[in-house]
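So you know, we letter chains A, B, ... as the sequences are listed, proteins then strands, and number each from 1.
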Amino acid sequence: MKKIFFIGLKDVKIRARDRASFIMLLAMPLILILVLGMVFQPLWTNKPFTINVAVFNGDKGEFSKILIEDVFGSTELKDMIKIQFLKSEEEIVKEVREGKFAAGIVIKKGFSESIMKGENTKIEVYGDPEQTIKAGVVKNIVESFTLEVLKRRIMMETTLHFLRSENLIQPSEIQKLVPQWLSEIENKDDLVSVSKETEKKNTKNPLAMEYYAVGMGIMYLLFATNSGAETIFEEKRIKTFDRIKVAPVSEREILGGKLFGIFLVAFLQFVIIIIFTSIFYKVNWGNSILGIIIMVLSAVLAFSGLSTLLASLTKSEEQIGGIGPALAMILAFLGGAMWPVFTFPKWMNIASKFTPNRWALDGFFKLMYDGGGVISILPYAFVLLIMASIFFFIGVFRLRLKGV
Amino acid sequence: MNIVEVNGLTKIYGGRKAVDSISFEIKQGEVFGLLGPNGAGKTTTISMLSCLIRPTSGDAFIDEKSIIKEPMEVKKRIGVVPQDIALYPTLSARENLFFWGEMYGMSGKKLRKRVDEVLQIVSLTKRSGDPIYKYSGGMKRRINIAVGLLPSPKLLILDEPTVGVDPQSRRNILDTLKELNENGLTILYTSHYMEEVEFLCNRIGIMDRGKIIALGTKDELRLLVGERDLLKILTINEIPKSLAETIKKKAPEINKVEIFDSSIEILTLNGRKILPKILEVLLESGVNIKSVEVREPNLESVFLHLTGKKLRD
Ligand SMILES: Nc1ncnc2c1ncn2[C@@H]1O[C@H](COP(=O)(O)OP(=O)(O)O)[C@@H](O)[C@H]1O
Ligand SMILES: [Mg+2]
């Protein structure tokens with residue numbers, strides 16, 4: 001087992017010494033993220049994409065009106081968010097699931113009343129998993145809205161409690177007074193200005209820089225894993241492979257060591273890119289460290305598997321070196337690393353689901369734009385790990401047949 | 001005690017016998033040489049002994065462990081210096097040695113100490129921090145050998161370890177190996193350089209076309225050619241092949257005449273006496289002579305005697 005570790009570590013050491021690898025695996029993606037981010041930023045901010053939102057409003061009260069008319073209807077948001085009213089919650093769920101809307105909002109009957117009475121209530125937001133970024137924007141707006149409402153309610157309740165306990169007010173008067181207070185406390189302008197902040201925060205979110213940090217970070221994983229896979233051929237050529245074989249090292253350890261090396265190079269590359277972009281490019285990779293770690297590990301494993309498979313299907317460094325970059329580009333494009341998948345025609349959207357890039361991208365977006373935690377990315381990590389298993393299974397099988 | 005026993009070892013590649021049922025033993029503490037021209041099957045033999053490739057048939061035992069049944073045990077007991085420089089060029093000598101040590105299960109202080117020792121043995125301590133690609137051919141060869149020494153093996157196997165090095169480095173390598181042997185290391189050495197094998201080896205197997213065609217100590221092998229001398233005449237122009245017959249007629253006591261493009265080799269008793277007769281023939285047929293050499297019997301003459309070929313072209 002130790003020997004697996006040493007073989008992998010040695011491969012990392014060799015890559016780290018190699019100037020060409022350094023440029024290829026670190027400088028290039030970091031420069032690309034910067035350039036793409038700066039060049040395409042205007043496209044992202046000047047023409048904000050539209051978000052189709054379905055709304056079922058069962059509430060006839062004041063609060064839902066504020067949300068729909070004043071928040072979503074504000075000058076900042078109304079060009080971006082297109083609202084359509086549907087008749088029931090079931091319909092919302094169905095239409096969102098079919099991808100007709102990026103998000104659906106369900107406001108329950110008596111929502112405003114419950115708030116006024118101090119009862120628990122909530123707004124449901126359904127997001128289309130295909131449109132993580134857009135659904136995330138909607139979710140964030142609704143969340144800040146409810147937070148504001150909640151803040152005011154707590155304020156009110158504390159006041160009421162105080163008044164009641166000091167016997168300054170008759171319970172019968174409360175019913176009458178509350179709506180009156182509310183309209184005083186609920187300065188509408190104030191609420192909208194809060195939502196403006198929310199809105200600004202959210203349109204800032206899908207920064208081109210952040211988008212490409214994820215897209216290129218994932219695309220370059222294949223470059224890293226392929227550079228590792230190439231060393232299988234390289235070690236055969238410079239005969240170090242034979243030398244390991246005449247040492248007391250089992251075949252399993254040799255192959256395990258090489259695969260570990262492939263993994264380790266890509267893992268370190270990705271971690272460096274994440275740290276670098278979050279410090280110098282101000283990319284926000286999300287708040288869930290564990291979520292990020294899980295996504296990084298599963299994405300790196302998927303691409304390590306893919307490169308293992310490639311090594312088992314090719315005959316030389318030149319072959320895998322020729323296929324690698326082209327494949328990386330195609331997968332990155334299909335997976336939505338160059339341009340968001342929601343701009344894709346349907347067939348491409350389906351095709352993209354066969355790329356590890358798509359699942360990795362969606363998982364990271366979930367963390368970055370949707371405020372998702374560990375649970376929310378598990379499906380994406382799971383698919384990546386399934387892909388990794390299939391790639392490794394076939395790749396290792398074929399490599400062992402070839403006698404690596 | 002025999003540390004190596006080889007029994008009918010054979011390797012067939014696509015119908016061609018690269019190694020053809022060879023058998024020999026190596027005693028503890030000796031230097032055994034496999035001498036043969038390129039393509040004789042030396043590397044194939046060594047690859048089988050170091051468990052890199054599986055023999056088609058036959059078996060061999062190293063320290064009583066079968067290369068077929070217990071390859072891991074065999075690998076733990078041998079150090080191998082391959083024909084190619086199998087090192088990581090961008091890593092330093094020291095880093096290479098550490099990595100290979102780890103492959104032999106060594107670690108920590110023990111490994112560090114051993115790395116220092118082998119660097120000392122090959123006299124490369126000073127340059128050990130430089131990456132391998134900056135080394136000269138001879139220095140690379142020495143590190144290649146150092147890796148073989150690293151696990152303190154019971155048997156050190158070297159496959160043509162001096163190919164492509166300058167004469168001084170070669171001298172250095174041979175002296176080092178001799179010294180290691182004097183300190184008790186058993187060595188299996190292959191080469192196509194007769195002088196190296198003669199200098200280093202106690203017993204020698206001469207290989208040609210997959211077979212061991214002669215086996216014994218230097219003296220035993222020399223006896224095969226008797227007290228015959230080897231006359232080597234280098235010429236400026238080409239020698240007509242037909243001259244062989246003329247020479248044999250002129251001096252019937254000659255055993256063998258081999259004519260190459262611009263040299264002629266003759267195996268004979270009393271070389272010095274016969275030389276004038278031969279020169280006469282050559283001069284008569286208009287051959288311009290560049291140099292003449294009379295050699296006492298050596299392995300080269302043995303090889304010529306057995307195969308009618310030179311060890312090297
Ligand atoms: N992997 C191989 N496949 C086919 N033929 C081989 C292979 N390895 C060696 N040979 C052949 O076997 C013979 C012996 O080669 P080798 O052991 O390398 O000789 P040496 O080391 O004495 O120069 C040569 O004719 C060579 O062409
Ligand atoms: Mg050879």
[atom1] of [X]: more than 12 outside heavy atoms within 6.0 angstrom?
X        : atom1 : answer
B/Lys134 : NZ    : no
A/Arg400 : CZ    : yes
B/Arg203 : CZ    : yes
B/Glu179 : CD    : no
A/Met329 : CE    : no
B/Met1   : CE    : yes

Check each atom of [X] against the heavy atoms of chain A and say whether the ones under 4.5 Å are side chain, backbone, both or neither.
X        : value
B/Asn144 : both
B/Tyr104 : both
B/Pro89  : side chain
B/Val147 : both

Is there side-chain contact between [X] and [Y], with at least one heavy-atom pair below 4.5 Å?
X        : Y        : answer
A/Lys3   : B/Met103 : yes
A/Arg243 : B/Leu87  : yes
B/Ile85  : A/Lys239 : no

Between [X] and [Y], what is the shortest heavy-atom contact and its length?
X        : Y        : answer
A/Thr240 : B/Trp100 : O-CH2, 3.4 Å
A/Ile238 : B/Tyr88  : CD1-CD2, 4.3 Å
B/Phe99  : A/Phe6   : CE1-O, 3.8 Å

- Region of A/Glu235 that comes under 4.5 Å of a non-hydrogen atom in chain B: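 It is the side chain, since no backbone atom gets that close.
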- Which atoms of A/Leu9 come close to chain B, meaning under 4.5 Å heavy atom to heavy atom: side chain ones, backbone ones, both, or neither?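 Nothing of A/Leu9, per the 4.5 Å heavy-atom cut-off to chain B.
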- Query: For chain A, which of B/Thr90, B/Val74, B/Leu52 has the most heavy-atom pairs under 4.5 Å?
  - Reply: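 The candidate making the most pairs under 4.5 Å is B/Leu52.
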- Task: Tell me, out of B/Cys51, B/Ser50, B/Ser47, who's got the most heavy-atom pairs with chain A below 4.5 Å.
- Result: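 The residue among B/Cys51, B/Ser50, B/Ser47 with the greatest pair count is B/Ser50.
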- Query: Checking B/Lys75 side chain against A/Lys245 main chain: does a donor-acceptor pair fall under 3.5 Å?
  - Reply: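 Side chain of B/Lys75 to backbone of A/Lys245, a donor-acceptor pair under 3.5 Å: yes, one is there.
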- Item | Atom pair CD/CZ of B/Glu95 and A/Arg17 - distance to nearest 0.5 Å |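 Separation between the atoms: 4.0 Å.
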